[in-house]
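Below is one structure; the comments refer to it alone.
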2 protein chains.
Amino acid sequence: MAARMTRQRTAVVEALDELADFRSAQQLHETLRARGESVGLATVYRALQALAEASEVDVLRAEDGESLYRRCARREHHHHLVCRACGRTVEIDGPTVEAWASKVAAAQGFDDIEHTVELWGTCADCRASSAR
Amino acid sequence: MAARMTRQRTAVVEALDELADFRSAQQLHETLRARGESVGLATVYRALQALAEASEVDVLRAEDGESLYRRCARREHHHHLVCRACGRTVEIDGPTVEAWASKVAAAQGFDDIEHTVELWGTCADCRASSAR
DNA sequence: CGCTTGTTGAGAACCGTTGTCAAAGATCGG
DNA sequence: CCGATCTTTGACAACGGTTCTCAACAAGCG
């Protein structure tokens, strides 16, 4: 029940702290390996899982179903605007959406509402650099 | 390039027409088998893929990453409110959200915006039937 | 220190999905 | 109708991300 602070967990957290964009467990594992840290893939998965559970990291599903993780600035509920080309991420909140969601759901007699709201686009830099 | 109408494709479409909720490819395959239609799993996957491409069915990702398919009443862009217990689905649209999404994205200099907005909850019936 | 108990890691297992390829059948010109 | 053609089918293998297994290991505590 404890949650011990091991070398591996520390490494995962540190790596996440240095990265600004959403990364997959495998990418993270690769990164750690590359920098000399010896960490098992299963361990990376477990660490991310635990962090997600504790709301220490945000999880996003890529279009192909892969899970992507990111250490966000705020721990409160928020959404993301992600550049599908470079992965650049902007945290956004949408009080409008939250309100709309619960209103619509309630109107239909639904309870325990959860919502998924993510925005994908091409950021200014990527638009400029790609042959226009 | 043709898109021939085969017994199998017809069966998949018909099954979808009779089902109101989101179903996975495997569930659909199961259903077809159960009703005597002999259809291969791979074929079901291919049929659903084609239908999705043609916007004939909507695709949703379950929390575990599985793809769920549904024949929706309207082909235009819309969202869903899904009961996570029984799968009951309500089609909803959110002009509010659409507007908010494009405004926020534009403010950050993003282009070619796409958004994912799905609502999950427990419908009235399921709430009642589960030990409260 | 030692002990207890959670954690690790290599590989196997899982599971949804896609690829393979020979056999089957839809479509069409004759 | 009848073949020729060319897509589609289906059983099974292969794939890729994720989880499980279990013996070896190491935090943290007294």
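Chain letters run A, B, ... following the sequence lines, proteins first, then strands; residues in each count from 1. In what follows, every heavy atom counts, from backbone to side chain, and hydrogens, waters and symmetry copies are set aside. Not measured: the values here are computed from a predicted model.
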- Quick one: is B:T6 getting a side-chain N or O under 4.0 Å of the D:dT7 phosphate, OP1 or OP2? no
**Request:** Kindly work out whether a path of hydrophobic side-chain contacts (I/L/V/M/F/W/Y, heavy atoms less than 4.5 Å apart) joins A:L32 to A:L41.
**Result:** no
In A:V82, A:L81, A:L68, A:L60, the residue satisfying side-chain contact (heavy atoms from CB on, under 4.5 Å) with A:T89 is A:V82
Numerically ordered, the residues 7-30 of chain B set in heavy-atom contact under 4.0 Å with DNA chain C is B:Q26
Salt-bridge test for B:R71 and B:D17: reply yes if a basic N is under 4.0 Å from a carboxylate O, no otherwise.
yes
Test side chain to side chain contact (heavy atoms under 4.5 Å, CB included) on B:R88 and B:D125; report intermediate values, then the result.
CA-CA 10 Å; B:R88 195 170 119 201; B:D125 292 353; 3.6 Å; yes
note: A:R33, atom CZ; C:dT8, atom P; distance rounded to Å ~ 14 Å
Would you tabulate the nitrogen or oxygen pairs shorter than 3.5 Å linking the protein to nucleotides 1-3 of chain D?
none

In terms of hydrophobic clustering (I, L, V, M, F, W, Y; side-chain heavy atoms under 4.5 Å; direct or indirect links), are A:V104 and B:V117 co-clustered?
yes
_Taking A:V39's backbone N and O only, do any of them form a donor-acceptor pair with A:R33's side chain (distance below 3.5 Å, no angle check)?_
yes
Is B:E91 atom CD crowded by more than 12 heavy atoms from other residues, nucleotides or ligands, each under 6.0 Å away?
yes
CD of A:E98 to NE2 of A:H79, rounded to nearest 0.5 Å, is 4.0 Å
Q.
Any carboxylate oxygen within less than 4.0 angstrom of a Lys/Arg side-chain nitrogen, looking at A:E18 and A:R35?
A. yes
Out of C:dG6, D:dT8, D:dT18, minimum distance to the side chain of A:L41 belongs to D:dT18
So, with a heavy-atom separation below 4.0 Å from DNA chain C, the residues of residues 42-72 of chain A are A:A42, A:T43, A:R46
- Task: Please report the C-alpha distance between B:E37 and B:T31 in whole Å, then the side-chain angles of each, then the deciding distance to 0.1 Å, and finally whether the side chain to side chain contact (heavy atoms under 4.5 Å, CB included) criterion is met.
- Result: CA-CA 9 Å; B:E37 295 277 357; B:T31 303; over 6 Å; no
